[in-house]
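Scroll down for the structure; my scribbles are underneath it.
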Amino acid sequence: MTTTLPLPITAEAEQFKLFISSVSDYAIYMLSPDGIVCSWNAGAQRFKGYSEAEIVGRHFSCFYTEEDRAAGRPAQVLHQAAQARFEDEGWRVRKDGTRFWASVVIDPVRASDGALIGFAKITRDVTERRRADESLAQAKEALFQSQKLEAIGKLTGGIAHDFNNLLNVITNGLDLLRVVNDQQAQNKTIDSMERAAKRGASLTQQLLAFARQQPLKPDRVNLNRAISSFEAVLRRAIRSSIRLDMQLAAALPDVMTDLTQFESALLNLVVNARDAIDANGTITLTTAVDGASVVVSVRDTGAGMTEAVAQRAVEPFFTTKEVGNGSGLGLSQVYGLMQQAGGNLAITSTPGAGACITLRFPALAYAPQEADSDEAVEKVLIVDDQPDVLDMASHLFSSLGYQVLAANNGQEALDTLRRHPDVSILFSDVVMPGMSGIELAKSAVSYLPALKVILASGYVTSALQQDHPDLGQFQLIGKPYRLSDVIRKLKLVSA
């Protein structure tokens, strides 16, 4: 058996030196502690231009540009490299004065006692890579400018279309007012002009929100409380065949946002979800805490979006709805709000399986709770399957100083009561599809015995009592009712 003995140290050192000197893709050389070049290899000669005889003994600062030498860069580099490995990129100078972009690594070399005895320096010429990066950046910038111009074209076209329609209503209305003497016709014309003006103002606000030019009035907001207070509006925005399921997490931290803009964004999301559902379906509104963020999600069981549509959904005036059924600014307004609030918007969707829009707000640190006047305000839950009646009843109770919650049917009302056990008054229509108001009232009182109930009906009381002998345990108000009637009943239930 033949045994190969290790090479002597001097032979290994010589072999390593030959290896280093033959490398042509990298400049590999040694520096003294004060930066004098002590060795040189083929790679260094190839792209720096100096032969070994020309460069050994000279200071490595000759490779730096005049600007870097004037700024003391070589001395700074040696100081940093003496502490630990130093890596850098920058312009360097060849013997002929031309420049190249260099990637540099400098390692300190120490003796066995830890004393610094020099530096090992490796330099690569990465000029071509830099040029490729610059070319790619230029191509991306050109693409970005092209896309921006395309977006501006769509934006201006959409603005022109919408505002021309609004101006058409106003100008035609002015013409009619000049020639029509009938007061009723004049009032109808004025109403149409007023709606057009309000639509124009809303359109402007949405544009400014998307452009992040809409001045926000940020305040500390508890999103659970904001959503609960806005629930009546959200329920009025959807059809009775669609269920709104609200799942609000407990102990939600506050966020910093504009409450009015948040309500507008939430309404946009719910309306979009409603429009995505053909007939029956569910819109699920949830809040949650995820790390340092407060998350609000609106999920629907509608048609969903393709990936291409989801990617363009926040573009201004992009819409998949028919002409006249949407401006395409809803999601762009939401996106603008989230950008200004320091959060983000995410869209997840699968065609045929619905869509989910997620808003992520930075959570604020918990603060000591001050006395909140809202807590002292009585809550009333209003239930009616007719949106107009529900809307008017909500306004009546709001005008009396109540905090109003709303539901379209009995099951939604019970769900709301479970989320808001501090509701003190239930005001419900008697005749509703599915669960009647009387059935709702009995279930609600069994869950909340202290709940005060007022039932409203357009039927004669005697006829109702024949079908519902236990109706007498609740206060009944006849339709149509007026504000004074409501006040009287409230006094009776509060007595």
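Throughout, residue positions are numbered sequentially from 1 according to the sequence presented.
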- Query: Which pairs with one or both residues in residues 422-456 pass ring-ring contact (aromatic ring centres under 6.0 Å, His included), sequence neighbours excluded?
  - Reply: Phe397-Phe427, Phe427-Tyr481
- Message: Does Ser424 form a side chain to side chain contact (heavy atoms under 4.5 Å, CB included) with Val380? I'd like the steps, not just the answer.
- Response: CA-CA 6 Å; Ser424 58; Val380 58; over 6 Å; no
- Query: Nearest 0.5 Å, what's the OG1-CD distance between Thr189 and Glu194?
  - Reply: 12.5 Å
- Are any of the side-chain heavy atoms of Pro218 and Thr257 separated by less than 4.5 Å? no
- Message: Could you work out, with side-chain contact (heavy atoms from CB on, under 4.5 Å) as the rule, every residue matching Asp385, not counting sequence neighbours?
- Response: Asp429, Met432, Pro433
- Derivation of the side chain to side chain contact (heavy atoms under 4.5 Å, CB included) call for Phe474 and Leu426: CA-CA 10 Å; Phe474 306 117; Leu426 172 66; over 6 Å; no
- Could you tell me which non-hydrogen atom of Leu451 sits nearest to which non-hydrogen atom of Ala444, and how far apart they are? CD2-CB, 3.6 Å
- Starting at CG of Asp384, measure out to OG of Ser428 and round the result to the nearest 0.5 Å. 7.5 Å
- Query: Partners of Asp290 by salt bridge (Lys or Arg N to Asp or Glu O under 4.0 Å), sequence neighbours excluded?
  - Reply: Arg360
- Item | Distance (rounded to the nearest 0.5 Å) between Phe361 CZ and Thr287 OG1 | 11.5 Å
- Message: Going by the rule side chain to side chain donor-acceptor pair (under 3.5 Å), which residues pair with Thr350 if we only count those two or more places apart in sequence or in a different chain?
- Response: none
- Task: With sequence neighbours left out, write down each residue that passes side chain to side chain donor-acceptor pair (under 3.5 Å) with Thr416, or none if nothing qualifies.
- Result: Glu231
- Task: Before giving the answer on side chain to side chain contact (heavy atoms under 4.5 Å, CB included), spell out for Met246 and Ile227 the whole-Å C-alpha distance, their side-chain angles and the decisive distance to 0.1 Å.
- Result: CA-CA 9 Å; Met246 294 176 56; Ile227 292 169; 3.2 Å; yes
- Task: Dump the intermediate steps for salt bridge (Lys or Arg N to Asp or Glu O under 4.0 Å) on Glu128 and Arg131, then the final yes or no.
- Result: CA-CA 5 Å; Glu128 290 303 318; Arg131 286 174 180 163; 2.9 Å; yes
- Task: With salt bridge (Lys or Arg N to Asp or Glu O under 4.0 Å) as the test, would you mind laying out the steps for Glu89 and Arg124 before giving the verdict?
- Result: CA-CA 10 Å; Glu89 287 195 5; Arg124 285 189 302 148; 5.8 Å; no
- Could you tell me whether a side-chain N or O of Arg235 sits under 3.5 Å from a main-chain N or O of Ala406, the two making a donor and an acceptor? yes
- What pairs with Phe100 under ring pair (Phe, Tyr, Trp, His ring centres under 6.0 Å), at least two apart in sequence or on another chain? Phe47
- Query: Do Ile190 and Leu177 come within less than 4.5 Å of each other through their side chains, counting heavy atoms only?
  - Reply: yes
- Message: Is there a side-chain contact between Met256 and Leu364 in this structure, where contact means two heavy atoms from C-beta onward sitting under 4.5 Å apart?
- Response: yes
- Item | For the student: nearest non-hydrogen atoms of Val126 and Ser103, plus distance | CG2-N, 3.9 Å
- Residues that Arg73 engages under side-chain contact (heavy atoms from CB on, under 4.5 Å), provided they are two or more places apart: Tyr64, Asp68, Gln76, Val77, Gln80, Phe86, Asp88
- Can you pull the side chain to side chain donor-acceptor pair (under 3.5 Å) pairs that have at least one residue in residues 173-187, sequence neighbours excluded? Asp175-Arg178, Gln183-Asn187
- Message: So Gln247 and Thr284, do their side chains get closer than 4.5 Å, heavy atoms only?
- Response: yes
- Item | Residues forming a side-chain contact (heavy atoms from CB on, under 4.5 Å) with Leu259, sequence neighbours excluded | Val221, Ala226, Glu263
- Hey, what do you get for CG (Leu492) to CD1 (Ile454), rounding to the nearest 0.5 Å? 8.5 Å
- Item | Contacts of Glu439 that satisfy side-chain contact (heavy atoms from CB on, under 4.5 Å) - sequence neighbours left out | Met435, Ser436
- Task: Taking all heavy atoms of Ser241 and all of Asn280, pick out the closest pair and write down the distance.
- Result: CB-OD1, 3.2 Å
- Note on the structure: CG (Asn408) and CG (Leu244) are apart, to the nearest 0.5 Å, by 8.5 Å
- If we only count heavy atoms from C-beta on, is the Leu381 to Ile425 side-chain gap below 4.5 Å? no
- Task: Please check if the side chain of Lys379 supplies one atom and the backbone of Val404 the other of a donor-acceptor pair under 3.5 Å.
- Result: no
- What closest approach, in Å, do Leu405 and Ser228 show between heavy atoms, and which atom pair accounts for it? CD2-O, 3.0 Å
- Query: Closest approach of Leu448 and Val423, non-hydrogen atoms and distance?
  - Reply: CD1-O, 4.5 Å
- In Å and rounded to the nearest 0.5 Å, what is the CG to CG distance from Leu266 to Leu285? 5.5 Å
- Could you please spell out the steps behind the side chain to side chain contact (heavy atoms under 4.5 Å, CB included) verdict for Val295 and Thr286? CA-CA 8 Å; Val295 180; Thr286 63; over 6 Å; no
- Please tell me if the side chains of Asn272 and Val270 come closer than 4.5 Å, counting only heavy atoms from C-beta onward. no
- Query: Do Leu345 and Thr358 come within less than 4.5 Å of each other through their side chains, counting heavy atoms only?
  - Reply: no
- Task: Quick one: list whatever passes side chain to side chain donor-acceptor pair (under 3.5 Å) with Asn344, sequence neighbours left out.
- Result: none
- Message: For a salt bridge (Lys or Arg N to Asp or Glu O under 4.0 Å) check, start with the C-alpha distance between Glu67 and Arg99, then their side-chain angles and the critical distance, and finish with the verdict.
- Response: CA-CA 13 Å; Glu67 309 93 271; Arg99 297 186 177 195; 2.9 Å; yes
- Could you tell me which non-hydrogen atom of Val298 sits nearest to which non-hydrogen atom of Ala273, and how far apart they are? CG1-CB, 4.3 Å
- Pairs in or reaching into residues 237-252: which pass salt bridge (Lys or Arg N to Asp or Glu O under 4.0 Å), with residues at least two apart or in two chains? Arg243-Asp415
- Side-chain contact, heavy-atom cut-off 4.5 Å: Val289 with Leu252? yes
